[in-house]
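Throughout, a chain's letter reflects where its sequence line sits, starting with A, and its residues are numbered from 1. Basis for what follows: all heavy atoms, side chains included, without hydrogens, waters or symmetry-related copies. Note that the structure is a prediction, hence the values are computed from the model and not measured.
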Protein chains: 2
Amino acid sequence: MPAQTIGHVAKASGTPIETIRFYEREGLLPEAPRTMSGYRLYDESTVKRLRFIARAKALGFTLAEIRDLLALQDNPASNKTGRAEVKAITERKLDDIEHKIADLQRMQKVLSHLAHECSGKGGVAHCPIIETLSGIEDCTHPEHR
Amino acid sequence: MPAQTIGHVAKASGTPIETIRFYEREGLLPEAPRTMSGYRLYDESTVKRLRFIARAKALGFTLAEIRDLLALQDNPASNKTGRAEVKAITERKLDDIEHKIADLQRMQKVLSHLAHECSGKGGVAHCPIIETLSGIEDCTHPEHR
DNA sequence: ATAAACCCTAAAGTCAACTACAGAGTCAAG
DNA sequence: CTTGACTCTGTAGTTGACTTTAGGGTTTAT
Ligand SMILES: [Zn+2]
Ligand SMILES: [Zn+2]
Ligand SMILES: [Zn+2]
Ligand SMILES: [Zn+2]
């Protein structure tokens, strides 16, 4: 098991050095063993762990959630109950994301309507975008209600 | 033009007092005239302005963007060119939001697949969620590629 | 042997959009 | 005339996920 310094792990995982130390402080990585001079030493498992973190982040999990997922993965006592937890965390995140999508789609609908309504020419005087934000007028398009 | 104190405007607009002062500091509201003892005085136009801000926020605009929109609305020199700016800001925001929706939909797809794959029963040992995050396996479902 | 490249810690800074004090002055009601 | 509700300023704290800085040791290569 060849030991690598933090810089090698950073390169191998694509995670900046400072971020690796930050993850250690935050409990996502275990405290690394050190050389006599205090340098952290890592093996391949740390690179895998950092990739795990990166994938989970890409799916929208927060560091706190990722810490929980990693703890479940680490903990041998999480046999028998572990999967239920993991699935619950995943389903909560899915709900989260679906909620965010719905919010954004509402915004998208209004914005695309506004962009469509506004000619982009002339002064701001009777600009339909400004007027809508001012609460002056309502939409008359049937497809927008 | 009846003058109101900040508390009245806060109630009329639904914006907390501290937030109104914050918006003033940030340049979204003009500096309010004061009584001899230093109390800010407002009229109805401020309530309208705060509602404008609230609507714009609900559409995803940042305070910086809202400040720009308000500046265009305020500025009489923004006749002749104003609408182009307003429309550009709106279209940028729409792009923004569509990008976010796409990102979230990618996450949603993966998460719903994972939630579906995982029984939620038993230990974490061969949990498909954990395995996917660990990069062990790829999806075999045709509809998920 | 010396400079470049690397590592260490602790603490502070960043971004957005607020929110929360602390300490003090002001105004309406009883 | 004194509570209590309201307002003021200025500064600091919040959240999340880092990033930066200052100051100082260590390793490697020439
Ligand atoms: Zn317009
Ligand atoms: Zn419409
Ligand atoms: Zn599972
Ligand atoms: Zn699949």
B:Arg40 CZ to C:dG25 P, straight-line distance once rounded to whole Å: 18 Å
d(CG, B:Leu28; C1', C:dC18) in whole Å: 13 Å
Euclidean distance, atom CD of residue B:Glu65 to atom P of C:dA16 [Å, nearest integer]: 10 Å
Exercise: identify the closest heavy-atom pair between A:Leu59 and A:Lys93: O-CG, 4.1 Å
Any N/O donor-acceptor pair, B:Tyr39 side-chain to D:dC6 base, under 3.5 Å: yes
Interatomic distance, A:Glu31 CD vs C:dC8 P [rounded to whole Å]: 13 Å
Residue whose nearest DNA chain D nucleotide is more 5′ - A:Phe22 or A:Ser37: A:Phe22
Separation of D:dA17 P from A:Ile20 CD1 (nearest whole Å): 17 Å
OP1 or OP2 of C:dC6 under 4.0 Å from side-chain N/O of A:Thr5: no
A:Asp95 and A:Arg92 ion-paired at < 4.0 Å: no
Residue mapping more 5' on DNA chain D - nearest nucleotide basis, B:Ile6 or B:Arg25: B:Ile6
Length of the line joining A:Met36:CE and D:dT26:C1', which is rounded to integer Å: 10 Å
B:Arg21 and B:Glu24 ion-paired at < 4.0 Å: no
Integer-rounded Å distance: D:dC18 C1' and A:Leu29 CG: 14 Å
Short side-chain N/O contact to D:dC6 OP1/OP2 from B:Lys11, under 4.0 Å: no
Upstream residue (5' side of DNA chain C) when B:Thr62 and B:Thr35 are each assigned their closest nucleotide: B:Thr62
Side chain to side chain donor-acceptor pair (under 3.5 Å) between A:Ser134 and B:Gln73, worked out: CA-CA 10 Å; A:Ser134 298; B:Gln73 190 191 28; 3.2 Å; yes
Presence of B:Lys57 side-chain N/O under 4.0 Å of C:dA16 phosphate oxygens OP1/OP2: no
Salt bridge (charged side-chain N to carboxylate O under 4.0 Å, His left out) evaluation trace for A:Arg49 with A:Asp74: CA-CA 11 Å; A:Arg49 207 172 169 90; A:Asp74 292 343; 2.8 Å; yes
Short side-chain N/O contact from B:Tyr23 to OP1 or OP2 of C:dA17, under 4.0 Å: no
Sugar-phosphate, base or nothing in reach of B:Arg21, heavy atoms under 4.0 Å: base
Protein-nucleotide distance (A:Leu41, atom CG; D:dT27, atom C1'), rounded to Å: 13 Å
A:Arg34 side chain near D:dG25 phosphate (N/O to OP1/OP2, under 4.0 Å): no
Closest nucleotide among C:dC21, D:dT20, D:dT27 to the A:Glu18 side chain: D:dT20
